[in-house]
Amino acid sequence: MCDKYTLTVNEASEYTGIGRNTIRNLIYWGKLPAIRIGNKIVIRREILERFLLENENNNLRNRYEVIAPRQG
């Protein structure tokens, strides 16, 4: 799975150890960029890894502590 360019919510959950509902909330809050393809949601692995680095020591269940990853 580590060589995939994008991950589904379930795969991102397995990859990071973060619960599926928490990942869905982060996407809904606009903190974690995702791509919707019909009912399917995918997250770029590179963005997910950057998101995790930028949110070390932050509570991901508190939308006000979460930092959206910088683009670029």
Side-chain angles (χ1 to χ4, degrees):
M1 178 176 22
C2 292
D3 60 340
K4 292 180 74 173
Y5 185 72
T6 61
L7 304 171
T8 65
V9 171
N10 288 342
E11 290 170 337
S13 176
E14 286 180 30
Y15 183 68
T16 62
I18 299 170
R20 291 184 312 246
N21 289 337
T22 301
I23 291 175
R24 284 188 186 100
N25 282 340
L26 292 167
I27 293 167
Y28 177 75
W29 296 336
K31 302 293 186 171
L32 181 58
I35 302 163
R36 293 182 188 273
I37 305 167
N39 290 332
K40 187 176 186 178
I41 298 171
V42 294
I43 304 157
R44 286 181 38 208
R45 192 182 79 226
E46 165 192 338
I47 296 290
L48 181 61
E49 291 171 351
R50 189 175 327 137
F51 172 84
L52 293 173
L53 286 173
E54 292 183 14
N55 281 285
E56 282 184 337
N57 300 318
N58 291 348
N59 180 355
L60 297 182
R61 291 187 177 174
N62 181 344
R63 72 187 321 171
Y64 301 107
E65 284 188 39
V66 178
I67 301 166
R70 295 182 200 106
Q71 300 296 319

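The shown structure was predicted, so the numbers you read here are calculated from the model rather than taken from an experiment.
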Partners passing side-chain contact (heavy atoms from CB on, under 4.5 Å) against S13 (at least two apart in sequence or in another chain)
R20, I23
What distance separates T6 OG1 from I47 CD1, expressed to the nearest 0.5 Å?
12.0 Å
Looking only at heavy atoms, which two atoms of K4 and R45 are closest? And how far apart?
O-NH1, 2.6 Å
In chain order, what residues pass the side-chain hydrogen bond (donor to acceptor under 3.5 Å, both in side chains) check against N58, with sequence neighbours excluded?
N55
Restricting to side-chain contact (heavy atoms from CB on, under 4.5 Å), what partner residues turn up for N21, sequence neighbours left out?
R24
Heavy-atom pair with the smallest gap, counting every atom of L26 and L60:
CD2-O, 3.7 Å
Salt bridge (charged side-chain N to carboxylate O under 4.0 Å, His left out): pairs with one or both residues in residues 52-65, sequence neighbours excluded:
E54-R70
Flag the pair I43 / F51 as yes when at least one side-chain heavy-atom distance between them is below 4.5 Å, and no otherwise.
no
Considering only distance and modelled atom types, tabulate donor-acceptor pairs under 3.5 Å from the side chains of residues 28-36, sequence neighbours left out.
unit_1 : atom_1 : unit_2 : atom_2 : d
K31    : NZ     : V66    : O      : 3.3

Please check if V9 and V42 belong to a single hydrophobic cluster, counting links between Ile, Leu, Val, Met, Phe, Trp and Tyr side chain heavy atoms closer than 4.5 Å.
no
